[in-house]
Asks: 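Below is a structure I'd like to ask you about.
First the proteins, then the strands, lettered A, B, ... as listed; each starts at 1.
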Protein chains: 2
Amino acid sequence: MKKIQVVVAEDQAMVLGALAALLETEPDIAVCARASNGREALTAISKLKPDVLVTDIEMPEMTGLTLAAEVRDRYPQTRVVILTTFARPGYLRRALDAGAKGYLLKDRPSAELADAVRRAHRGLRVVDPQLAAEAWETGPDPLTERERQILWRAGEGKSSGEISEELHLSEGTVRNYLSEAISKLGASNRVEAARLARSRGWL
Amino acid sequence: MKKIQVVVAEDQAMVLGALAALLETEPDIAVCARASNGREALTAISKLKPDVLVTDIEMPEMTGLTLAAEVRDRYPQTRVVILTTFARPGYLRRALDAGAKGYLLKDRPSAELADAVRRAHRGLRVVDPQLAAEAWETGPDPLTERERQILWRAGEGKSSGEISEELHLSEGTVRNYLSEAISKLGASNRVEAARLARSRGWL
DNA sequence: GCAACTCCATGACAAACGTCATGCTGCTTT
DNA sequence: AAAGCAGCATGACGTTTGTCATGGAGTTGC
């Protein structure tokens, strides 16, 4: 019997090690490489051609979502399972667009990880039904590229003036985009708008 | 030979399971209970009187910092190791004030966890030297209680008007506290101030 | 007792913010 | 070709935010 070969990518070393230990307790699964960012994972995958990649989303160098898209394009035999803290509709949508087979939350019981790996390996989808429903209700990202750029910077604490310089716009224009974003999100100011957009995975 | 008895507390079930699996690979360590929040951990400790508690900070019901203080007061034979994502000076300071023996970051290699448990069990301190230095440089929390209350709400996206109603203050007063906080933190507006304070563990 | 100090509280004023009306692309749809 | 639409861009106008000067209440040190 051949074990399912898995690469795990996760930027918190302690969690990476722990997840690997968890998967190693399964008799039919082998962790053949560990990566602490997207680039490392891609290198490992190119060499080892594993059956499954388990990856976090928020990582330095290359996010798990970008990584998933790369893997789909270059190594389609490797199935991707996203493993993340964030129940953000926007993340789920982008993950599925990027060809991920699974989207698993870190709040789920640890027993589900091995199951998800097995199911993904067989080509099946693994998506939390509640999250999928929420993603459906929330609808797609209503922000335009400009609005996203500007709202992100506003959420960092930058003033309209600073943002306008950075993007070579007039200050009024920046305020206008923010106003649009605030209105689209049903917020009452830039801070709330940024928080909302972040919580839905749109920033 | 008797194994070191450990309770692990962590709100993300997947990570909890993974950390337990990681510790179980050590021949001299046994995970005798798992808890997904501070209250559960306290119950487990009261029954099992373990040697070491490994706990996250940000958890529902009761944070790891509060938990550490309770454990110090009621079960002093149990040593506490804080295990967290956040390299926040304010958290470290509060953890040590709460009698924690160790403060370990989730970006550290997973091999360090077992070491930290062993050292804590022997009554030794385990604190990342770099983080300790940073905590020293950053100095203590400069915010007053009022400033913290108000800055926290401002960071949530609330307007000065809303905050003033909530706390029964005049709007000008709220703006003034924010101005003070902004100045103390060297920020240039409320958003940046809130971000800074959060990143240092003062909110 | 009374400085000196810290925290709490306020209003006046200038600066930044949010909204609105408006116009300019480019790209479908008819 | 014309109409419709989405995104981009701007300035004017009223509102919110940030700063500053000022004062009261409680504590500490002498």
Asks: Does a nitrogen or oxygen in the side chain of B:Ser170 sit under 4.0 Å from OP1 or OP2 of C:dA9?
Replies: no
Asks: Using 4.0 Å as the upper bound for N to carboxylate O, is an ion pair formed by B:Asp28 and B:Arg118?
Replies: yes
Asks: May I ask you to check if A:Arg88 and A:Phe86 form a cation-pi contact, with NZ or CZ under 6.0 angstrom from the six-membered ring centre and within 45° of the axis?
Replies: yes
Asks: Taking NZ, NE, NH1 and NH2 as the nitrogens, is one of them in B:Glu180 or B:Arg175 under 4.0 Å from a carboxylate oxygen of the other?
Replies: no
Asks: Please report, rounded to the nearest Å, how far the P atom of D:dC8 is from the CD atom of A:Glu145.
Replies: 8 Å
Asks: Measure the distance from CG on A:Leu151 to P on C:dG18 and round it to the nearest whole Å.
Replies: 10 Å
Asks: Can you tell me which nucleotide in D:dT16, D:dG18, D:dA9 comes closest to the side chain of B:Ser159?
Replies: D:dT16
Asks: Can you tell me whether the side chain of A:Arg146 and the base of D:dG7 have a donor-acceptor pair closer than 3.5 Å?
Replies: no
Asks: So, taking the atom named CD1 in B:Ile57 and the one named OG1 in B:Thr63, what distance separates them when rounded to the nearest 0.5 Å?
Replies: 7.5 Å
Asks: Starting at atom CD of A:Glu171, determine the distance to atom P of C:dT19, rounded to an integer number of angstrom.
Replies: 16 Å
Asks: Taking OP1 and OP2 of D:dT19, is either one under 4.0 Å from a side-chain nitrogen or oxygen of B:Ser179?
Replies: yes
Asks: Between the opening five pairs and the closing five pairs of the helix from C:dG1-D:dC30 to C:dT30-D:dA1, how far apart are the helix axes, to 10°?
Replies: 30°
Asks: Under 4.0 Å between a side-chain N/O of B:Thr173 and OP1 or OP2 of C:dT10, yes or no?
Replies: yes
Asks: Side-chain N or O of A:Thr144 less than 4.0 angstrom from OP1 or OP2 on D:dG7?
Replies: no
Asks: Can you measure A:Glu147 atom CD to C:dG18 atom P for me and round it to whole angstrom units?
Replies: 14 Å
Asks: With respect to the side chain of A:Tyr177, which nucleotide from D:dT19, C:dG18, D:dC8 is positioned closest?
Replies: D:dC8
Asks: Can you find an N or O donor on one side and an acceptor on the other, under 3.5 Å apart, linking the side chain of A:Asn176 with the base of C:dC20?
Replies: yes
Asks: Round to the nearest Å and state the distance from A:Asn189 atom CG to D:dT17 atom P.
Replies: 7 Å
Asks: Between A:Glu10 (side chain only) and A:Gln12 (backbone N and O only), is there a donor and an acceptor less than 3.5 Å apart?
Replies: yes
Asks: Between C:dT19 atom C1' and A:Arg175 atom CZ, what is the distance in whole Å?
Replies: 10 Å
Asks: Which pairs with one or both residues in residues 182-196 of chain B pass side chain to side chain donor-acceptor pair (under 3.5 Å), sequence neighbours excluded?
Replies: A:Glu156-B:Arg195, B:Glu147-B:Lys184, B:Ser160-B:Arg190, B:Ser188-B:Glu192
Asks: Measure the distance from CD on A:Glu180 to C1' on C:dT22 and round it to the nearest whole Å.
Replies: 14 Å
Asks: B:Lys184 has an atom NZ; how far is it from atom P of D:dG18, in whole Å?
Replies: 16 Å
Asks: Decide side chain to side chain contact (heavy atoms under 4.5 Å, CB included) for A:Leu169 and A:Glu165; before the verdict, give the C-alpha distance in whole Å, the side-chain angles of both, and the deciding distance to 0.1 Å.
Replies: CA-CA 6 Å; A:Leu169 293 172; A:Glu165 276 187 36; over 6 Å; no
Asks: Would you please confirm or rule out a distance under 4.0 Å between OP1 or OP2 of C:dG18 and any side-chain N or O of A:Ser188?
Replies: no
